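Because the structure is a prediction, the values reported are computed rather than measured. Labels below follow one simple rule: chain letters A, B, ... track the order of the sequence lines, proteins then strands, and each chain is numbered from 1. Values below: every heavy atom of this structure, side chains too, minus hydrogens, waters and symmetry copies.
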There are 2 protein chains.
Amino acid sequence: MLDIDDLTTEALCRYMLDRHRDTISVQKPEFALRKLNVIIAAALDLSNRKGFQAMSLRDLSRASGVSMGGLYAYFDSKTTLLNMILSEVTAAVQRVLSTPPDKVQGDPVAHLNWLIATHVQMTEQMQPWFTFAFMEAKNFPPAERRKAIDSEELTESYFAAVLKDGMAKGVFRPDTSPLLAALIKPLLQDWYVKRAKYRRRRVTIDTYIATVQDFVQAACLADQTHKDQRATA
Amino acid sequence: MLDIDDLTTEALCRYMLDRHRDTISVQKPEFALRKLNVIIAAALDLSNRKGFQAMSLRDLSRASGVSMGGLYAYFDSKTTLLNMILSEVTAAVQRVLSTPPDKVQGDPVAHLNWLIATHVQMTEQMQPWFTFAFMEAKNFPPAERRKAIDSEELTESYFAAVLKDGMAKGVFRPDTSPLLAALIKPLLQDWYVKRAKYRRRRVTIDTYIATVQDFVQAACLADQTHKDQRATA
DNA sequence: GTTTTTCGAGCGAGTGTTCGATATATAAGC
DNA sequence: GCTTATATATCGAACACTCGCTCGAAAAAC
């Protein structure tokens, strides 16, 4: 399940290092990767507890063990650090969701279930990253805000495409609401946004995925046999 | 529709003034109400654009026309200001959702539809307040965080109660997921969280309400005649 | 010996908060 | 009715502090 990509923080930092080779002044990749990993991990931890704005670079310096000046070898401003993290989340979503496995191609129901299951599982593996993106995407300069909106619409477009395909094939009801694709996203987000609540209630990730899949199918499926057709992804 | 209570900023400030009579040093209600109204309106406006933390009290002073010292006649710290706003949102939700009209009492489907419609309409009327509560409830001291969670669970409990009642009466399917009540909340939130998106797509509030009502009913209703039973609240 | 990496004190700007002074409204005295 | 006296309301400069960020020097690596 979901081994098409490595979504550990270290793997994501490798992408990050590659993407910002020009602004990162540390040359040797071995040094850079190890330190960037520590910095990003600390930044996600602190931000998700107090908020990105409330996290001072002195906090980050202390938590990561990297000096103030040392931090600026990896980003040229605090806003750049924000952008680096947000970009990586967007890129990961695109990478994972745009490549459905062969077995779901051409089967709208299976594809829809795969999208739901994969998205939830991805947010589970990248939990600090998604929490960060969700909490910090708002209240920020227009440029960053736009990126967040684009990322949001990208996810929605995957669902919209599958729903449209299913309706064309007669698998989904022709009167399926055009708003459905938009409404799936908040259902998926709730798993990591209200993480503590679901953990407290002992709701497993598989239960959650199955519930959302049923919920969505009840809204769009033509017949009522969806419970048998549910894929475990 | 939804005239059981006055949800204008002025009416909410009146409640606020009453609730914090001890910490607000301005005695004459006429003066206090007018100024508090200006301060809160400016605070909501600035916070929802840049975030509460990013809004300095000098910004607030400038925008409201009240001097620095003048602001402190209405709250003794910036955190208190935050709490005053959050409390008012929670109180309003409780006031409105806890008193369903007689006509929906005893009818789970009508009650469920009323809850959905009323909640969305309330968030529309109090839009800046809900946006504020949603964006700022996170990343804040434990005490404030708890209040936000309690408020969240309060809303959910109204839905849980109706679903339970409907299952007991055989109107809703007995295998309705216990997670459904939790999943309704993010669907309602999307209307004001992604406000710009829905406005851009020319989705009216009535369309949105109807879509969510259908979506939820498809998940829990025993038969398939829900489209005829939908209430316009 | 030269390049690369790391450090942390210091800078100016901006923060939440306080407080004595000023302006304004209400009450009292004659 | 006009002047005091008192209470209320408003102000904004000043305080102590933290912020993002810089930069010359020290340390490490080659």
When you measure from the centre of the six-membered ring of Tyr15(A), is the NZ or CZ of Arg95(A) under 6.0 Å away and within 45° of the axis?
-> yes
dC7(C) C1' sits how many Å from Tyr74(A) OH, rounded?
-> 13 Å
Whole-Å gap separating C1' (dT18(D)) and CD (Gln53(A)) = 15 Å
Rounded to the Å, how far apart are Met68(A) CE and dG24(D) C1'?
-> 16 Å
At a cut-off of 3.5 Å, list every protein nitrogen or oxygen paired with a nitrogen or oxygen from nucleotides 28-30 of chain D, distance to 0.1 Å.
from	atom 1	to	atom 2	distance (Å)
dC30(D)	OP1	Lys28(A)	NZ	2.2

Would you say dT15(C) has OP1 or OP2 under 4.0 Å from some side-chain N or O of Ser56(B)?
-> yes
Worked verdict on Glu156(A) versus Arg201(B) for salt bridge (Lys or Arg N to Asp or Glu O under 4.0 Å) | CA-CA 14 Å; Glu156(A) 186 181 325; Arg201(B) 298 187 189 174; 2.7 Å; yes
Judged by modelled atom types alone, do Ser77(A) and Thr80(A) share a side-chain donor-acceptor pair under 3.5 Å?
-> yes
Sole residue of Trp191(A), Trp129(A), Phe134(A) in side chain to side chain contact (heavy atoms under 4.5 Å, CB included) with Thr123(A) | Trp191(A)
Residues Asp45(A), Arg49(A): salt bridge by 4.0 Å N-O rule = yes
So, Ser157(B) side chain and Leu154(B) main chain: donor-acceptor pair closer than 3.5 Å or not?
-> yes
Mapping Gly69(B) and Gln27(B) onto DNA chain D by nearest heavy atom, which one lands closer to the 5' end?
-> Gln27(B)
Answer yes if the side chains of Asp190(A) and Tyr198(A) hold a donor-acceptor pair under 3.5 Å, and no otherwise.
-> yes
Does DNA chain D take part in any stems of at least 3 consecutive Watson-Crick or G-U pairs (both distances under 3.5 Å), and if so, which ones?
-> C:1-25 with D:6-30
Length of the CG-P vector between Leu57(A) and dA9(C), whole Å | 16 Å
Test side-chain hydrogen bond (donor to acceptor under 3.5 Å, both in side chains) applied to Lys147(B) and Thr90(B), step by step = CA-CA 9 Å; Lys147(B) 283 177 84 169; Thr90(B) 306; over 6 Å; no
Classify the nucleic acid contact of Ser77(A) as base, sugar-phosphate or nothing, counting any heavy atom under 4.0 Å across all strands shown.
-> sugar-phosphate
Phe75(A) or Gly70(B), whichever maps to the more 5' nucleotide of DNA chain D | Gly70(B)
Checking Lys78(B) against Phe52(B): charged group under 6.0 Å from the ring centre and within 45 degrees of the axis?
-> yes
Report which part of the nucleic acid Ser61(B) touches: base, sugar-phosphate, or nothing (heavy-atom distance under 4.0 Å, all strands).
-> nothing
How close or far is atom C1' of dC19(C) from atom OH of Tyr72(B), stated in whole angstroms?
-> 13 Å
Does the base of dG16(C) carry an N or O that pairs as donor and acceptor with the side chain of Arg58(B) under 3.5 Å?
-> yes
Under 4.0 angstrom between Lys78(B) side-chain N/O and dT15(C) OP1 or OP2 = no
N-O pairing of Lys50(B) and Asp59(B) below 4.0 Å | yes
Side-chain N or O of Lys35(A) less than 4.0 angstrom from OP1 or OP2 on dT6(C)?
-> yes
Between Leu46(B) (CG) and dG16(C) (P), how many Å, whole number?
-> 12 Å
Whole Å only: how far is the CG atom of Leu71(B) from the C1' atom of dC11(D)?
-> 11 Å
Report the distance from atom CD1 of Ile24(A) to atom C1' of dT6(C), rounded to the nearest whole Å.
-> 16 Å
When you match Arg34(A) and Met55(B) each to their closest nucleotide on DNA chain C, which lands nearer the 5' end?
-> Arg34(A)
